[in-house]
Amino acid sequence: MQDPFGLFHETISISYARLLLEICEKYDISAAILLENTGLSLLDIKQYDAKMSAHQWSKLVANALRLTGNNRLGIEYGSALRPTAHGSLGFAFLSCVDVETALNLCQHFFCTRIQSFIPNWTFDEKLVYIYLDDVHPVKLGDEQQSQQLRAFLIESLLFGGIHLLELLIQENLEECEIFLDWCESSDYEEILNKNIKYHFNSKRNAIAFPLKYLKQSNPQGDLVAF
């Protein structure tokens, strides 16, 4: 079978699946039900060095979205994503001496963990922008399911980025902004975070935060560990 985007290659750490199972437990959804028709088993989840394919991960996310009924599950997932879930790259993030170093690290090595999107960052006189661009179309099932899956993946990465940045600066990001390339829906009104401003129908998906944080040092930074 042709697989030009490597969607059936087992390259994604099982650690991402374990976190999703943890979150779904809070919705009283059992692991056995969540794993149905994904090609993953409880044995796979327990093997800490196991890998899954992008196709398996997509089917797992689709199950989680359907069973929880939470279209904004990606925000909950990203906000709970532990840096250590990214393996050695996560430990490198935590040892960065400042935010700028972390952004450069992400831009160069993000592809070692996830191949579906490419991050790029830039800044102007006020804000730093971290863009997240698609590498290939996200498709699973019908158009609605594909859109829900893509939204989950993008929101989990953007909010995972915010969570990581807040760990580095050890405070909540002030005046953080989120740019999304789809229309606003009523379920965003239920998300209470006064520090975040949403922009819908944007040309690119992105995070923006005040320029003052770019050079802010990480108290836990360690050049030797980095």
Side-chain angles (χ1 to χ4, degrees), residues 4-7 11-12 16 54 57-58 61 71-83 85-87 89-90 92-94 96-139 146-169 172-185 188 191 193 195-216 218:
F5 302 117
L7 300 181
T11 58
I12 301 174
Y16 298 116
W57 174 229
S58 296
V61 170
N71 290 332
R72 304 277 69 84
L73 190 64
I75 294 178
E76 182 176 352
Y77 181 90
S79 300
L81 188 56
R82 296 179 288 269
H86 302 301
L89 182 59
F93 277 128
L94 294 175
C96 286
V97 294
D98 57 25
V99 171
E100 183 176 18
T101 303
L103 294 181
N104 286 329
L105 179 77
C106 178
Q107 186 166 326
H108 283 91
F109 296 104
F110 184 87
C111 62
T112 65
R113 302 297 291 183
I114 300 170
Q115 293 84 38
S116 302
F117 301 92
I118 296 177
N120 290 286
W121 71 276
T122 186
F123 62 91
D124 57 23
E125 65 277 6
K126 293 183 179 180
L127 296 171
V128 177
Y129 299 88
I130 307 174
Y131 295 104
L132 193 64
D133 297 318
D134 299 69
V135 173
H136 56 76
V138 175
K139 293 185 178 181
S146 296
Q147 290 174 348
Q148 290 176 339
L149 173 61
R150 180 175 180 269
F152 173 95
L153 297 174
I154 290 172
E155 288 180 339
S156 66
L157 292 170
L158 294 180
F159 280 83
I162 291 173
H163 179 53
L164 179 58
L165 289 168
E166 288 180 336
L167 288 176
L168 292 181
I169 66 175
N172 291 330
L173 282 173
E174 295 178 4
E175 302 172 6
C176 183
E177 300 183 35
I178 293 286
F179 296 82
L180 301 170
D181 66 4
W182 56 83
C183 299
E184 183 177 5
S185 57
Y188 283 97
I191 302 168
N193 192 326
N195 289 330
I196 296 179
K197 180 179 180 180
Y198 292 90
H199 302 274
F200 295 94
N201 296 314
S202 301
K203 292 182 179 180
R204 299 171 76 183
N205 298 295
I207 305 167
F209 59 91
L211 183 62
K212 65 180 181 180
Y213 292 115
L214 184 59
K215 297 291 185 179
Q216 184 156 332
N218 171 19

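In what follows, every heavy atom counts, from backbone to side chain, and hydrogens, waters and symmetry copies are set aside. Computed from a predicted structure; not experimentally measured.
The aromatic ring centroids of F152 and Y77 lie less than 6.0 Å from each other. Aromatic pair F200/Y188: ring centres closer than 6.0 Å.
Considering only heavy atoms from C-beta on, V128 comes within 4.5 Å of L103 through its side chain.
Minimum interatomic distance between L153 and S156 (heavy atoms only, all atoms of both residues): O-OG, 2.8 Å. Across every non-hydrogen atom of L158 and I207, the tightest pair is O-CD1, 3.1 Å. Across every non-hydrogen atom of L127 and E177, the tightest pair is CD1-OE2, 3.9 Å. Nearest heavy atoms, F93 versus L168: O-CD2, 3.4 Å. Residues R72 and S185 share a closest heavy-atom pair of NH1-OG, 3.6 Å. For the pair A102 and C96, the tightest heavy-atom approach, listed with the atom from each and the gap, is CA-SG, 3.5 Å.
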Worksheet item: Given W121 and N104, is the side chain to side chain donor-acceptor pair (under 3.5 Å) satisfied, shown in steps?
Response: CA-CA 8 Å; W121 71 276; N104 286 329; 3.2 Å; yes
Discussion item. Applying side-chain contact (heavy atoms from CB on, under 4.5 Å) to V135 and S116, what does each step give before you reach the verdict?
Written reply: CA-CA 5 Å; V135 173; S116 302; 5.6 Å; no
Fill in: Intermediate values then yes/no, side-chain contact (heavy atoms from CB on, under 4.5 Å), D124 and L211
CA-CA 8 Å; D124 57 23; L211 183 62; over 6 Å; no
Worksheet entry | Candidate pair F117 and I154, rule side-chain contact (heavy atoms from CB on, under 4.5 Å), full reasoning | CA-CA 9 Å; F117 301 92; I154 290 172; 3.7 Å; yes
Worksheet item: For N71 and Q148, what are the C-alpha separation, side-chain angles and deciding distance, and is it a side-chain contact (heavy atoms from CB on, under 4.5 Å)?
Response: CA-CA 7 Å; N71 290 332; Q148 290 176 339; 3.6 Å; yes
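Between S79 atom OG and I162 atom CD1 the span is 7.5 Å, to the nearest 0.5 Å. With rounding to the nearest 0.5 Å, the separation of CD in E155 from CG in L180 is 6.0 Å. Note that CG of L73 is 9.5 Å distant from CD1 of I75, once rounded to the nearest 0.5 Å. Interatomic distance, H86 NE2 to C106 SG, rounded to the nearest 0.5 Å: 8.5 Å. Taking CG of L132 as the reference point, atom CG of L157 lies at 5.5 Å (rounded to 0.5 Å). Atom OH in Y131 sits 10.0 Å away from atom CG in N120 (nearest 0.5 Å).
Between Y213 and F209, the ring planes lie tilted relative to each other; the angle falls in the 30° to 60° range. Ring pair F179/Y129 is tilted by interplanar angle, where 30° to 60° counts as tilted.
A salt bridge does not link E175 to K197: none of the charged nitrogens lies less than 4.0 Å from a carboxylate oxygen. In this structure, R150 pairs ionically with D181, as a charged nitrogen and a carboxylate oxygen lie closer than 4.0 Å.
In this structure a side-chain-to-backbone donor-acceptor pair under 3.5 Å is present from N218 to L94.
Within 6.0 Å of CZ on F110 lie more than 12 heavy atoms contributed by other residues, nucleotides or ligands.
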